[in-house]
Amino acid sequence: MLLSKLFIPILKNNPSEAKIKSHQLMLRVGMIKQASAGIYSWLPLGFKVMKKIEEIVRQEQNKIGAQEILMPTIQSSEIWKESGRYEDYGEEMLRIKDRQKREMLYGPTNEEQVTEIFRSSLKSYKSLPQLLYHIQWKFRDEIRPRFGIMRGREFYMKDAYSFDVSDEEAFYSYNKFFLSYLRTFKRLSLTAIPMAADTGPIGGNLSHEFIILADTGESKIFTDKRIFDLNSNETELEKNSLQQMRKKYEQYYSVTDEKFNKEEFEKVVSEENRLITKGIEVGHIFYFGDKYSKAMSASIDLPGGKKDFVKMGSYGIGVSRLVGAIIEAKYDDKNEIMKWPLSVAPYDIALVPMINKNDTLALEKAMNISKELIKNNMDVLIDDTEENFSSKIKKMNLIGAPYQIIIGKKSEGDLLEFKEIGKETQNLSLINIIEFIKKQKNTN
Ligand code: P5A
């Protein structure tokens with residue numbers, strides 16, 4: 001892609017309305033454009049990153065056996081009246097009337113819709129477990145939408161739902177998602193810590209929020225520091241090993257604000273291990289048993305002729321919020337250098353030829369290098385403008401492709417001036433550069 005053709009309205013300075021660095025960068029490099037309060041259009045750069053995040057989320061859902069569906073954004077009020085949440089949800093729900101004056105709503109979440117699908121389709125324990133998910137826009141009329149897409153009114157969420165025959169089986173499903181979330185956030189190069197959390201309007205009594213540390217986060221957290229050293233490399237989805245994995249995390253005190261108990265915290269966590277800080281909630285999982293299935297009569301036939309309400313959980317990831325969360329974690333705003341993790345970078349590599357008037361040699365060289373990189377499945381951005389060198393680098397540092405090749409005096413013959421963003425330059429041959437990036441991609 002040529003920079004001169006890219007739809008990327010870059011601003012010279014930080015927009016004054018943006019208070020946190022992710023919002024600043026997203027507006028500055030034209031990733032998003034506000035449409036109205038808490039509602040955004042996604043421009044090419046931002047959309048590309050969000051789609052890459054979505055794909056990783058999808059792959060990790062598929063790996064635990066969840067099946068993708070797509071439910072609508074607009075729902076009928078009827079099913080919400082059945083569950084009792086039509087009233088409970090209050091002003092956060094955007095209510096709409098169609099031309100027949102039927103009450104509809106823009107879905108803030110999909111527990112009712114999926115329960116309705118389940119109850120009309122499956123009746124026997126033999127079809128269980130079922131794990132269904134979709135990735136769809138949601139709307140919540142937040143009182144205070146802020147920080148750009150971090151707390152939007154319209155936002156993109158992956159929401160999954162599990163259906164099981166018993167509590168025990170349902171905990172197994174819950175643990176699969178627990179592991180899947182750890183894996184997903186790791187691939188996004190984030191350290192997300194599971195924390196016991198409140199269930200709010202979703203309901204139930206078992207819940208974990210997945211939180212990444214950030215001073216600008218809206219969640220207050222209380223943890224035992226040692227939880228950050230844990231790693232989950234489970235490859236099998238075996239029941240006991242998943243249970244052990246969750247226990248391994250739960251052995252350390254780690255809760256959000258609503259679950260905090262000072263006495264307990266000070267009793268179980270030694271002073272040197274206590275950490276009280278802030279974070280961004282990027283995922284949230286819930287187990288609520290028969291809360292919806294009972295209210296909406298979603299029952300299944302058990303062996304021996306008995307019936308029971310299906311046991312359900314729900315599992316959310318803030319896909320659009322993650323774009324901001326990754327920026328909060330990776331953007332060096334002092335030096336104005338963004339380093340996207342290779343797994344979600346809008347471009348893998350930027351080529352910066354130093355172009356002088358009437359001298360197209362460096363640009364031609366860049367075009368040839370680009371062909372080789374593209375042949376090796378790399379996404380390349382070429383700065384074909386005639387701006388001066390320092391403003392070119394400044395711009396590329398904001399766009400944040402993790403690697404750069406500078407084609408100027410120092411890129412003579414076979415050796416090219418190669419740079420991992422934010423680090424020292426090295427002189428490498430194109431073959432070596434390709435090998436190096438491929439290796440990095442494979443470890444992702
Ligand atoms: C779980 C899936 C639910 O809605 N029902 C279906 C459950 N959970 S949740 O915690 O309310 O939301 C899941 C994730 O969505 C993101 N999120 C938001 N992102 C941007 N703007 C918002 N206003 C917003 N609200 C929620 C969060 O990442 C949250 O963890």
Side-chain angles (χ1 to χ4, degrees), residues 20 22-23 26 32 34 37-40 42 46 50 53-54 57 61 66 69 71 73 75 80 83 85 88-89 91-94 106-115 131-163 173-174 177-178 180-181 184-185 188 190 192-204 206-212 214 217-219 221 256 258 279-288 291-292 312-328:
I20 62 171
S22 58
H23 193 194
M26 290 184 84
I32 50 170
Q34 184 169 346
I39 303 180
Y40 291 85
W42 289 77
M50 186 165 72
I53 295 173
E54 175 184 347
V57 170
Q61 293 293 292
I69 60 175
M71 291 178 271
T73 53
Q75 303 179 24
W80 286 74
S83 74
R85 282 207 295 180
D88 292 353
Y89 226 95
E91 295 205 296
E92 246 186 44
M93 180 185 276
L94 182 65
Y106 194 120
T109 176
N110 285 61
E111 280 79 8
E112 285 78 358
Q113 192 74 67
V114 81
T115 306
L131 311 178
L132 300 176
Y133 75 98
H134 77 159
I135 305 175
Q136 177 63 292
W137 292 95
K138 305 287 184 291
F139 195 94
R140 293 182 187 172
D141 202 352
E142 304 269 353
I143 304 187
R144 234 179 301 123
R146 56 184 191 147
F147 301 154
I149 48 79
M150 288 290 225
R151 177 167 296 280
R153 291 199 296 163
E154 190 183 44
F155 60 98
Y156 204 39
M157 190 204 286
K158 182 287 297 179
D159 39 325
Y161 303 87
S162 62
F163 301 86
S173 292
Y174 187 92
F177 282 100
F178 194 103
S180 157
Y181 277 32
T184 304
F185 299 126
L188 299 174
L190 293 174
I193 301 299
M195 313 214 167
D198 209 26
T199 57
I202 306 293
L206 169 64
S207 165
H208 287 89
E209 283 182 15
F210 287 76
I211 293 194
I212 67 159
E218 293 193 279
S219 310
I221 54 178
T256 58
E258 303 90 354
I280 302 167
E281 177 198 329
V282 286
H284 199 162
I285 61 179
F286 301 81
Y287 179 58
F288 39 72
K291 172 175 171 179
Y292 298 89
M312 292 173 58
S314 74
Y315 314 87
I317 289 184
V319 177
S320 50
R321 176 178 286 183
L322 271 167
V323 180
I326 294 173
I327 299 174
E328 288 299 321

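One-based numbering, in listed order, for ligands and for the atoms of each.
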Report the nearest protein non-hydrogen atom to [atom]: residue, atom name, distance rounded to 0.1 Å.
atom                    : value
atom 17 (N) of ligand 1 : Phe155 CE1, 3.5 Å
atom 3 (C) of ligand 1  : Ile202 CD1, 3.7 Å
atom 6 (C) of ligand 1  : Thr109 OG1, 3.2 Å
atom 8 (N) of ligand 1  : Phe286 CE1, 3.3 Å
atom 20 (C) of ligand 1 : Met150 O, 3.3 Å
atom 16 (C) of ligand 1 : Gly318 CA, 3.7 Å

In this structure, does ligand 1 have an atom that sits under 4.0 Å from one of the heavy atoms of [X]?
X      : value
Ser320 : no
Ile285 : no
Tyr156 : no

Report summary line: Of all heavy-atom pairs linking Asp198 and Ser207, the shortest is O-OG, 3.7 Å

Report summary line: Heavy-atom nearest pair, Lys138 first then Tyr106, reads C-CE2, 3.7 Å

Query - Donor on one side chain, acceptor on other, Ser219 and Glu281, under 3.5 Å - result: no

**Report entry** Side-chain donor-acceptor contact under 3.5 Å, Glu209 with Thr256
**Finding:** no

Whether the side chain of [X] engages the backbone of [Y] through a donor-acceptor N/O pair (distance < 3.5 Å, no angle test) should be reported.
X      : Y      : value
Glu258 : Thr199 : no
Ser320 : Phe155 : no
Arg321 : Met150 : yes
Gln136 : Met71  : yes
Arg153 : Ala37  : yes
Ser22  : Ala325 : no

Could you say whether the N/O atoms of [X] and ligand 1 ever approach to under 3.5 Å?
X      : value
Gly152 : yes
Glu281 : yes
His284 : yes

Query raised in the report: Evaluating non-hydrogen atoms only, which member of Arg140, Arg151, Lys138, Glu111 is closest to atom 9 (S) of ligand 1?
Result: Arg140

Is it the side chain (CB and beyond), the backbone, both or neither of [X] that lies under 4.0 Å from ligand 1, heavy atoms counted?
X      : result
Glu142 : side chain
Phe210 : neither
Arg321 : side chain
Glu209 : neither
Asn110 : neither
Val282 : backbone
Met157 : side chain

Number the atoms of ligand 1 from 1 as they appear, then name those within less than 4.0 Å of a heavy atom of [X], with their elements.
X      : value
Asp159 : 2 (C), 6 (C)
Tyr315 : 1 (C), 2 (C)
Gly283 : 30 (O)
Ile149 : 20 (C)

Report task. Mind checking the OH-OH spacing from Tyr315 to Tyr161? Nearest 0.5 Å is all I need. Result -> 11.0 Å

Report summary line: Value for OG (Ser180) from CD (Gln61), rounded to nearest 0.5 Å, stands at 4.5 Å

Query raised in the report: Is any NZ, NE, NH1 or NH2 atom of the basic residue among Lys291 and Glu111 found under 4.0 Å from an Asp or Glu carboxylate oxygen of the other?
Result: no

Query raised in the report: Would Tyr181 and Phe210 count as a close aromatic pair, with their ring centres under 6.0 Å?
Result: yes

